2 protein chains.
Amino acid sequence: MNPDQSFKDVFLPVQGGRASEDIALKLEAAILDGRLNPGERLPSEREMQVQFGTGRGVVREAIQVLKQKGLLEVRKGAKGGAYVRRLNVANVSESLALFLKQHPVGREQLIEFRESMDQTITLLAIARATPDEKAHLLAEALRFEALLREPKPDLAISGELDRQLNIMLARMARNSLFEWVMQALQLGFSSHDHALYEDPRYRDRAAANWRDTARAIADNEPLRALSYIGRHYGLLRQCVAQMQDSAADQEMPLFSDTSRLF
Amino acid sequence: MNPDQSFKDVFLPVQGGRASEDIALKLEAAILDGRLNPGERLPSEREMQVQFGTGRGVVREAIQVLKQKGLLEVRKGAKGGAYVRRLNVANVSESLALFLKQHPVGREQLIEFRESMDQTITLLAIARATPDEKAHLLAEALRFEALLREPKPDLAISGELDRQLNIMLARMARNSLFEWVMQALQLGFSSHDHALYEDPRYRDRAAANWRDTARAIADNEPLRALSYIGRHYGLLRQCVAQMQDSAADQEMPLFSDTSRLF
DNA sequence: ACGCACAATATGGTAGTACCAATGAATCCC
DNA sequence: GGGATTCATTGGTACTACCATATTGTGCGT
């Protein structure tokens with residue numbers, strides 16, 4: 001098949017009703033099956049307008065949709081235009097976070113889910129990760145612990161490090177799905193863990209627990225590791241329950257006036 | 001990240017660069033915090049065009065984005081317009097499926113992930129589901145088995161029933177996250193299970209195994225249930241491996257997982 | 001020849017208008 | 001009173017013009 005021909009096939013006039021959707025679907029299909037690769041640049045809007053035989057508006061709307069999906073990146077100015085982009089988990093996380101905002105899930109459900117994932121991840125990591133990786137995880141856990149023992153630890157940095165530890169562990173499980181799901185959950189809901197390290201009463205215990213977990217993994221002790229995982233989530237449950245109690249009087253104001261929006 | 005939430009600002013024209021994004025963010029925020037509820041209708045495009053002080057194009061683009069996100073549903077004609085919609089898992093599944101199309105994950109990784117989820121789900125379901133639910137699951141599993149024992153079973157119906165069984169089981173775990181994640185995975189990747197029921201050599205065994213699993217759950221026998229779960233995925237692994245052998249000439253690279261390290 | 005300011009150009013972003021298409025409601029005719 | 005017709009509302013599309021911005025080229029001055 002002539003690559004030029006297949007490339008030009010993407011930009012054919014649409015006949016159906018919803019022109020912008022058709023164009024978006026054509027472009028998406030072209031990207032997904034490799035006729036358009038990440039980094040490549042689509043023709044300019046005015047050019048596509050001609051090649052699709054439509055107005056510029058529908059081309060723009062199609063580009064908007066694909067941009068929102070994370071498939072395109074649009075730049076202004078000369079040599080600008082729509083560039084094919086490689087998807088990353090952030091798009092899935094965003095979609096998931098949006099969904100969970102309309103379908104609020106209980107804290108306990110979220111903790112429970114993550115706990116079960118972490119258990120599996122830990123077992124897989126012990127079985128599959130290299131000794132170097134395990135040593136590195138332990139070293140990072142120790143660094144994390146030392147950082148949290150500072151008199152005034154930087155919570156932003158420590159939160160990021162905690163996130164990194166989780167991702168590192170998930171990666172050691174040698175199954176991208178665990179890594180991605182954990183990442184997606186964390187991107188939208190790191191607030192709970194944040195609380196754990198904010199409170200000085202839990203901070204040290206949580207950090208020490210991370211260290212023990214990493215050591216158990218490095219020592220190839222699955223049951224001990226699982227025990228520490230359970231302890232981590234036990235602390236988390238205790239912490240969020242306590243925060244909920246102490247902040248019981250703080251009431252969120254209700255927004256019920258739709259008239260002010262327009 | 002921090003849009004100005006002063007309520008009066010929504011009346012004013014946008015001054016920054018991306019007007020359509022601003023409008024989309026405003027509307028999304030209004031939907032998420034309840035100022036616009038599912039079923040409600042937004043003003044017409046021409047009306048919003050005036051109220052936002054912009055052209056109609058940017059309003060349309062904003063609506064397109066929110067429609068793509070699943071937050072709006074647009075109808076034509078009189079009494080048409082943009083209606084606020086309640087999100088469902090399908091949007092997350094779609095996003096996940098799109099991501100996985102650009103980051104192909106190995107069959108084994110997918111099976112492994114689902115197996116670990118199913119194990120947890122099964123344990124939770126045994127502990128939490130009512131006897132009625134367990135009896136119902138068993139009844140459906142028996143119906144499923146009977147259907148697959150027909151001389152020429154309808155694979156479309158049986159596939160749907162298998163999906164229903166999985167969702168039912170996930171629901172019995174009393175944690176929506178498991179249900180949603182399983183649903184999201186199934187919506188995009190039911191092809192593997194389909195293969196299991198296509199091959200007559202595996203069909204009967206897989207169906208009988210579903211029945212045994214359901215019975216073990218109904219009998220509150222967690223270890224036996226886990227054993228059957230393992231057997232199910234063992235069959236699935238064997239089946240897809242066999243199909244891969246028989247179609248060895250058709251090679252598809254499953255590992256493009258060469259993501260860079262940070 | 002070099003470098004910096006300035007102009008030209010390409011391209012997305014926005015505004016505005018006009019018209020088409022579909023849909024539901026009001027109206028009219030039998 | 002009921003069915004067909006007309007009408008108004010509203011999204012869908014086309015076209016044009018202009019603005020904002022970023023890259024590229026050009027020319028002037030040193």
Side-chain angles (χ1 to χ4, degrees), chain A residues 10-28 31 36 39-85 261-262, chain B residues 3 9-28 31 36 39-85:
Chain A
V10 178
F11 305 98
L12 285 180
V14 293
Q15 41 260 15
R18 286 157 276 280
S20 72
E21 283 187 23
D22 276 356
I23 294 180
L25 287 178
K26 276 190 206 298
L27 292 178
E28 179 176 333
I31 292 173
L36 291 170
E40 278 188 51
R41 177 181 168 275
L42 270 58
S44 72
E45 294 176 354
R46 290 170 176 85
E47 202 170 337
M48 282 196 274
Q49 165 187 5
V50 175
Q51 283 169 323
F52 281 118
T54 69
R56 198 176 151 205
V58 300
V59 175
R60 282 188 59 80
E61 286 178 13
I63 291 178
Q64 273 286 337
V65 169
L66 296 183
K67 174 184 162 194
Q68 202 286 322
K69 283 192 181 185
L71 287 170
L72 291 181
E73 174 195 357
V74 179
R75 291 198 285 265
K76 285 206 302 190
K79 204 229 157 202
Y83 287 79
V84 179
R85 197 167 157 274
L261 183 69
F262 300 105
Chain B
D9 282 350
V10 293
F11 288 100
L12 300 177
V14 284
Q15 39 256 18
R18 290 161 274 281
S20 71
E21 283 186 21
D22 276 355
I23 295 181
L25 286 177
K26 278 189 205 300
L27 292 177
E28 180 177 333
I31 293 173
L36 290 170
E40 278 188 53
R41 176 181 170 276
L42 270 59
S44 73
E45 295 177 354
R46 290 170 178 84
E47 203 170 336
M48 284 197 272
Q49 166 188 3
V50 175
Q51 285 164 326
F52 280 117
T54 70
R56 198 178 152 204
V58 301
V59 175
R60 283 188 58 80
E61 286 177 14
I63 291 178
Q64 273 286 333
V65 168
L66 296 183
K67 174 183 160 194
Q68 202 286 320
K69 283 192 181 184
L71 287 170
L72 291 180
E73 174 195 356
V74 180
R75 291 198 285 266
K76 285 208 303 189
K79 208 227 154 202
Y83 288 79
V84 179
R85 198 165 154 274

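Just so we're on the same page: letters track the sequence lines, and every chain starts at 1. Model, not experiment: these values are computed from the prediction. Side-chain atoms are counted along with the backbone in the values below, which use heavy atoms only and exclude waters and symmetry mates.
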Between [atom2] of [N] and [atom1] of [X], the distance in whole Å:
X	N	atom1	atom2	answer
A:Q49	C:dG12	CD	C1'	13 Å
B:K76	C:dT23	NZ	C1'	9 Å
A:E45	D:dT16	CD	P	16 Å
A:I63	C:dT14	CD1	P	13 Å
A:E21	D:dG11	CD	P	15 Å
A:F52	D:dA14	CZ	P	12 Å
A:I23	D:dT13	CD1	C1'	11 Å
B:M48	C:dA15	CE	P	14 Å

Which one, D:dT13, C:dG12, D:dG11, comes nearest to the side chain of B:S44?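 Of the candidates, D:dG11 comes closest.
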Taking atom [atom1] of [X] and atom [atom2] of [Y], what is their separation to the nearest 0.5 Å?
X	Y	atom1	atom2	value
A:M48	A:I23	CE	CD1	8.0 Å
A:L36	A:L72	CG	CG	9.0 Å
B:I31	B:L66	CD1	CG	5.5 Å

Contact class for [X] (heavy atom, under 4.0 Å): base, sugar-phosphate, or nothing?
X	value
B:G57	nothing
B:R75	sugar-phosphate
B:G77	base
B:R60	base

Are the side chain of B:R56 and the backbone of B:R46 linked by a donor-acceptor contact shorter than 3.5 Å?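 Here the side-chain-to-backbone pair does not exist.
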Charged N to carboxylate O below 4.0 Å: is that the case for A:E61 and B:K67?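 Salt bridge: no.
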Specify the residue among A:K79 and A:R46 whose closest nucleotide of DNA chain D lies further upstream toward the 5′ end. A:R46
Less than 4.0 angstrom between a side-chain N/O of A:R56 and OP1 or OP2 of D:dT16, yes or no?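 For D:dT16, neither OP1 nor OP2 has a side-chain N or O of A:R56 closer than 4.0 Å.
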If you assign A:K67 and A:A78 each to the DNA chain C nucleotide with the nearest heavy atom, which residue ends up on the more 5' nucleotide? A:A78
